[in-house]
Every structure is written in structure tokens, then in C-alpha cells.
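Below, chain A is the first sequence line, B the second, and so on; all start at residue 1.
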Protein chains: 2
Amino acid sequence: MADANREAHAAAFRAIAAHRSEHGLRDTVQRRQIVEVVLQAPAHATLEELIARTRALHPRVGATTVHRTVALLVACGVLVKRRFGDHCARYELARPIAHDHLLCRGCGRVEECPPALAADSAERARTLGFTVVAHECVLYGYCAACAPPPDGAGDP
Amino acid sequence: MADANREAHAAAFRAIAAHRSEHGLRDTVQRRQIVEVVLQAPAHATLEELIARTRALHPRVGATTVHRTVALLVACGVLVKRRFGDHCARYELARPIAHDHLLCRGCGRVEECPPALAADSAERARTLGFTVVAHECVLYGYCAACAPPPDGAGDP
DNA sequence: ATAATTGCAAAGGTTTTGCACATTG
DNA sequence: CAATGTGCAAAACCTTTGCAATTAT
């Protein structure tokens with residue numbers, strides 16, 4: 001797992017470097033510090049959390065810079081921005097293998113589940129003249145630890 | 001299609017009436033006007049749009065009331081609240097048959113596609129000890145009218 | 001009458017922007 | 001040294017809330 005992690009981080013650094021040279025961006029202290037934090041942060045962290053973690057290690061980094069750097073990381077494909085039910089966006093490292101999300105209405109936790117849907121859905125969409133390049137699927141329900149569903153409920 | 005529409009609207013009115021009597025809510029002019037607008041509005045409208053449409057027909061209705069009434073309609077299962085990439089929520093009439101969404105990165109339009117994913121994904125989740133009560137799936141890509149995907153792209 | 005509803009204005013929370021200063025290449 | 005990046009404060013944005021006046025039951 002340490003190896004896989006190291007490989008994922010190396011890939012991230014490669015993507016960042018490529019994006020930087022392609023867009024004439026600069027290699028700054030803050031960006032290196034923020035990237036360091038982002039690569040270590042738990043999946044589905046909010047910007048608030050990423051800012052807090054960054055400032056815990058590097059107090060002089062401004063919140064705005066974290067915002068802007070996270071946006072850069074999304075632009076170069078290292079981070080994926082997601083919106084679950086919340087008011088605020090959440091971020092996770094882009095994975096080569098797609099996965100879906102299980103959102104527990106009991107405890108609110110977001111878990112991940114293996115990709116069961118990509119192939120099916122891409123094919124279905126293609127018959128509609130739509131070329132799928134990515135997908136995002138959230139399943140709402142109750143995890144093993146939480147109470148079973150009450151009764152009839154709407155969609156999300 | 002007119003019949004299906006009429007039936008859907010009748011179902012909505014039934015759900016609203018049931019929810020009203022169950023919660024001791026009142027039947028006000030504004031709520032009737034807002035419901036009228038919501039039932040006619042295109043799918044995936046934002047609150048901004050619903051407010052504009054309401055005020056076009058009924059200038060004296062306040063924005064706050066639209067907010068609150070839409071929340072009521074979500075609570076009683078008539079509307080479904082969704083969040084795509086946007087910053088703001090979008091609303092659509094709840095359908096008895098689930099469907100997924102195709103989000104075109106070319107023109108930004110949101111189309112709907114038949115449910116190809118629900119059964120598969122619910123079963124997969126169940127093996128993980130998760131009880132699924134709803135799902136929401138967005139496929140990103142390019143519709144027939146828009147340019148094909150450029151090349152390698154991140155997840156969403 | 002009593003309790004719910006309305007709508008304005010104000011507050012709340014997240015994300016974006018303007019701009020002077022510092023830093024990179 | 002020219003262009004980019006930083007960070008503070010302020011603005012913009014969507015959403016929620018307090019409250020007096022209005023309305024439904």
C-alpha cells in the first residue's frame with residue numbers, strides 16, 4: 001500500500017509538472033506545501049479542512065491560496081471535486097480506477113464502492129449519441145452500523 | 001403525453017394534499033401559484049429560474065416564499081433536489097421511474113437517460129452491508145451535437 | 001381567536017475577486 | 001525586470017433566519 005501510495009503521488013507530481021510547463025505556471029513554496037497536504041489528506045475533505053491542515057503545518061499560507069491551488073489541482077486532473085448533499089464541495093485524489101460513493105443517511109459517512117456501473121452506463125449513453133468520458137454515481141441509503149431505512153422515501 | 005402529464009400533476013396534487021393534512025399546513029394563494037409554476041417549469045431549473053417564472057406570473061410573490069415552498073415540495077416528494085457541477089441546486093419533478101443524467105461538457109445541457117444502473121449498483125452495495133434507498137448518477141461527456149472529447153481527461 | 005404564512009431585511013456560509021506587495025524564472 | 005503568485009479584505013453568491021404584518025382554519 002505504501003508502494004501504491006508512492007506511485008500515485010509520483011503520478012500526481014508528474015501531472016502537476018506537465019500542467020505547469022504547459023501553462024507557464026510557477027513553482028512556489030506555497031504550492032509545494034499545499035500539494036504535500038492534499039496528497040496526505042483523507043478523501044472527501046472539504047476546502048475548510050484542507051485549509052486547516054495546510055495552516056497547521058504552514059501557518060503563513062493564506063486561505064485564498066489554498067482555494068486557488070486546489071482549483072489548479074482539479075484543472076490538472078490530480079484532484080476531483082465532488083458535491084454530495086452538502087453545501088460545500090469535497091475533494092479526493094483522482095484514481096485511475098473509477099469508483100462510486102455510498103452516502104449513509106444515518107451517520108452521514110461517505111464510503112466508496114467498487115465500480116459496478118461504468119461499463120453499463122457508458123454503453124447505454126452511447127446508444128443515445130452521447131460519448132461518456134467520466135461518471136459519478138452516489139448511492140443513498142444506510143450502512144451496516146446504522147438503522148435500516150424507515151419506510152417510503154423520495155429519491156435523494 | 002398530455003395524459004401522462006395530467007396524471008403526473010394529479011399525483012403531485014395528491015402528494016401535496018396528503019402532506020398538508022399530515023403536517024397541519026395551510027392552503028395559501030402563493031403556494032398554489034408556486035406549485036402551478038413548478039409543475040410547468042422545465043426539468044433541472046434552478047431556484048433563481050423558478051423565482052423568475054413565479055414572479056413573471058405573480059409579481060407579488062416573494063423570493064423567500066418560493067424557497068420555502070420548493071423545500072416543502074421536496075419534503076413531500078414532489079420535487080427532487082439535485083446538484084450537478086454547479087454552485088446552485090437544481091430541481092426536477094420526481095418520477096416514478098428512476099433515471100440518470102447525461103451532462104454535456106460541450107453545451108452544458110443536462111439530458112436524461114433510462115435507468116441502467118440502479119439494479120446493478122444496489123446489489124453491489126448490498127454485499128457491502130449497505131442498504132440502498134435511492135441513487136443518483138451523472139455521466140459526463142459530449143452529446144451528439146457537440147465536439148467529441150479532446151483527449152485524456154480526469155474524472156469529472 | 002389561534003396558529004401558520006408571508007416577505008422584507010439581515011445574517012449565514014462558501015466561493016470569487018481587486019489590488020498592493022512579494023516571488024519566480 | 002517582467003510576469004506570475006500571494007494574501008488580505010471586500011464582494012458576490014446562494015441559502016437561511018428574525019420578525020412584524022397578513023392570512024387561513
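Taking A:R90 as the reference, A:D86 meet the salt bridge (charged side-chain N to carboxylate O under 4.0 Å, His left out) condition, with sequence neighbours excluded. In this view, A:E7 and A:R14 satisfy the side chain to side chain donor-acceptor pair (under 3.5 Å) rule, not counting sequence neighbours.
Residue A:H9 comes nearest to A:L39 through the heavy atom pair NE2-O, 3.4 Å, listed as atom of the first residue, atom of the second, then distance.
Contact of the A:F130 side chain with the B:C113 side chain is not registered, since no non-hydrogen atoms from C-beta on lie closer than 4.5 Å. Residues B:L93 and B:V38 meet the side-chain proximity criterion, which asks for heavy atoms closer than 4.5 Å. Residues B:L102 and B:V110 have side chains not in contact (no heavy-atom distance under 4.5 Å, counting atoms from C-beta outward). In this structure, B:D100 and B:E112 have side chains that are not in contact, with every pair of non-hydrogen atoms separated by 4.5 Å or more.
Closest approach to the B:H87 side chain among D:dC14, C:dG13, C:dT6 is made by D:dC14 (side chain taken as heavy atoms from C-beta onward).
Using a 4.0 Å cutoff on non-hydrogen atoms, no part of residues 36-53 of chain B comes near DNA chain C. The stretch residues 54-64 of chain B touches DNA chain C through B:R60, B:V61, B:G62, B:T64, each having a heavy atom under 4.0 angstrom from the strand.
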Between B:E92 and B:H101, does the side-chain hydrogen bond (donor to acceptor under 3.5 Å, both in side chains) criterion hold? Intermediate values first, please. CA-CA 12 Å; B:E92 67 182 68; B:H101 291 98; 2.9 Å; yes
Report, one line per pair, each donor and acceptor closer than 3.5 Å where one atom sits in a side chain of residues 53-63 of chain B; sequence neighbours left out.
| from | atom 1 | to | atom 2 | distance (Å) |
| --- | --- | --- | --- | --- |
| B:T54 | OG1 | B:L50 | O | 2.7 |
| B:R55 | NE | B:V61 | O | 3.3 |
| B:R55 | NH2 | B:P59 | O | 3.3 |
| B:H58 | ND1 | B:Q33 | NE2 | 3.2 |

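The distance from atom NE2 of B:H67 to atom P of C:dT5 is 18 Å, rounded to the nearest whole Å.
OP1 or OP2 of C:dG7 has at least one side-chain nitrogen or oxygen of B:Q30 nearer than 4.0 Å.
Note that OG1 of B:T64 and CD1 of B:I51 are 8.0 Å apart. Values are rounded to the nearest 0.5 Å.
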Sugar-phosphate or base contact per nucleotide [nucleotides 19-25 of chain C; S, B, -; heavy atom under 4.0 Å]: -----BS
